[in-house]
Chemist: 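First the structure, then my questions, so here it is.
We count ligands from 1, going down the list as the structure has it; atoms in each ligand are counted the same way. Quick caveat: nothing in here was measured; it's all calculated off a predicted structure.
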Amino acid sequence: EKAGHKHFMAKEIAEQPTVIAEALSYYLSADGNGIVLPDPGLDFTAYDRIVMVACGTAFYACYTAKYWFEQVARIPVEIDVASEFRYREPPVAPNTLAIFVSQSGETADTLAALRYMAGKAATILSVVNVAESSIARESDLALPIRAGVEVGVASTKAFSCQLTVLALLALEAALQRGEMTADSHAVRLAELRSLPGLLTRALDLDEWLNAVSNDLAESRDVLFLGRGMMYPLALEGALKLKEISYIHAEGYASGELKHGPIALIDSHTPVIVFAPHDTLFDKTVSNMQEVMARGGRVLLVSDRKGLALASDGVWQTVTMPEVPDLFAPILYAIPAQLIAYHTAVAKGTDVDQPRNLAKSVTVE
Ligand code: M6R
C-alpha cells in the first residue's frame, strides 16, 4: 500500500507530479487553454475582496494564494487562521468571496469560521480534498483538489494540489476582471502544465537532500527564510520540520530578520533559504549574506542562475530546475518536504504518525 516506499509520506511526496497533472486536467478544458469550473461557476467581477481562512498547512496555501490573487487579479485578500478568525468576529464587507481550504474538510475551526461567514459573504467557496466532507457540503461551491487519499499526518500532496487549484482560480479571476490578456493567460496555463515535469526533476534531488538532512538532524533549531511567495513556503517548511522531526524551526520573511531574529544566528543554527532567481533574488541574497556575516550556516535552495551568483561561502546548495516565477512555491514545496522527511527519518521519529497529532482535527 506504500508502493515500495518506507512511509506514506514518501509515497505521497513522490505522487505529486501525477496528482498535480490530474488536478490540472480536471480543471482545464480539453485543449488545455481554458479553465472550467464546476456549476454554478464563479463570477469574479462580482467581488471586491477575498477572505481566506484555514489551519496549518492549508493556511500556508492561502498565504501563497494571497500573493497570486493580489498580483495577477488585483483583488485585495485577507487571510487568517481559523481559530483566530472565528472568535475575532470580523465585520464582513459586501461583495466578499470567502474561501475555506481544508484537506479533510472536517477541521472544526475551519468549519466554524465557514458557518460564521454563511449569510455574510456573497459566496462561500471551499477547496477540499474530501469531496463529501462537512466543509464541502456547507459551501456554495466546493472545488476538489484531486490529490487522492492522504494518509501521512504531514500534509504534502494536498498542499501542492491546493496551491494548483488556487493558482488556477487566481488566473481565472485575472482573466475575468480584465487584469490579464487572453495571451498571457494562455502562457500562464502552459506554465502550469509544465509543472509536473519540473516536479519530477525536483524529486530527483531526493538523494542529495537526504545527504544534507543527515547534518540537519543534529540541530536544535533551524530557520527558514524566503521573500514574496517564498515567505509562506518558509513558514510551511518550518511547520513540516517541527511536526515530524521535533526540531524547533521558524520561518521568517527574509527582510524581517534584522528586526530581531538575526540575534538567533550562530554556527549551530542552519538557515535554509528558498531563493529562486526571481525579481526579489538580490534582496533575499543580501539578507542571506547578513546571516553568513554572523557565522550562520546557510543551505541555499535556488536554480543554476541563482547559485552561479550567490553560492560563495554558503554551507550547502540545492540546485532546482528553473521555474516560472509565479509558480515557484509549488516546485519549492518538494525540497521543503524532502528536507523534513529525511531529517525525521535520520532522527528515527514516527514520520507518518508524529506524536500528539491527528490527521484530522475535528475538535477545537
Ligand atoms: O484537513 P485540513 O487541511 O483542514 O487540516 C489543517 C491542518 O490541521 C493540517 O494542514 C496540519 O497543519 C498538517 N498536519 C500539516 O502538515
Chemist: Salt-bridged, K11 to E15, with N to O below 4.0 Å?
Modeler: yes
Chemist: So for ligand 1, is K359 a polar contact partner (N or O within less than 3.5 Å, distance only)?
Modeler: no
Chemist: Please say whether S155 places an N or O atom under 3.5 Å from an N or O atom belonging to ligand 1.
Modeler: yes
Chemist: Looking at K240, which atoms of ligand 1 are within less than 4.0 Å of one of its heavy atoms?
Modeler: 15 (C), 16 (O)
Chemist: Which residue in the set S302, P276, P335 passes side chain to side chain contact (heavy atoms under 4.5 Å, CB included) when paired with M320?
Modeler: P335
Chemist: Could you verify whether a donor N or O on one side chain and an acceptor N or O on the other, from D31 and S29, lie under 3.5 Å apart?
Modeler: yes
Chemist: Distance to 0.1 Å, residue and atom name: give those for the protein heavy atom nearest to atom 5 (O) of ligand 1.
Modeler: T107 OG1, 3.5 Å
Chemist: Output the list of atoms in ligand 1 that are nearer than 4.0 Å to some heavy atom of S104, sorted by atom number.
Modeler: 1 (O), 2 (P), 4 (O)
Chemist: Using a strict cut-off of 4.0 Å, indicate which atoms of ligand 1 neighbour a heavy atom of Q103.
Modeler: 1 (O), 2 (P), 3 (O), 4 (O)
Chemist: For atom 6 (C) of ligand 1, what's the nearest protein heavy atom and its distance?
Modeler: C55 O, 3.3 Å
Chemist: Can E364 and S83 be counted as having a side-chain donor-acceptor contact under 3.5 angstrom?
Modeler: no
Chemist: What's the shortest distance from atom 11 (C) of ligand 1 to any protein heavy atom, and which residue and atom give it?
Modeler: T57 N, 4.2 Å
Chemist: With heavy atoms of A58 as the reference, note each atom of ligand 1 found under 4.0 Å away.
Modeler: 3 (O), 10 (O)
Chemist: Run the numbers for me: atoms of ligand 1, each under 4.0 Å from some heavy atom of E243, listed by number.
Modeler: 13 (C), 14 (N), 15 (C), 16 (O)
Chemist: Count the heavy atoms of every other residue, nucleotide or ligand shown that sit under 6.0 Å from CG of D204, and state whether that count exceeds 12.
Modeler: yes
Chemist: For ligand 1, is there an N or O atom under 3.5 Å from any N or O atom of V153?
Modeler: yes
Chemist: May I ask you to decide whether E12 forms a salt bridge with K157, counting only side-chain N to carboxylate O separations under 4.0 Å?
Modeler: no
Chemist: Below a 4.0 angstrom heavy-atom separation, can you tell me which part of E106, side chain or backbone, both or neither, approaches ligand 1?
Modeler: neither
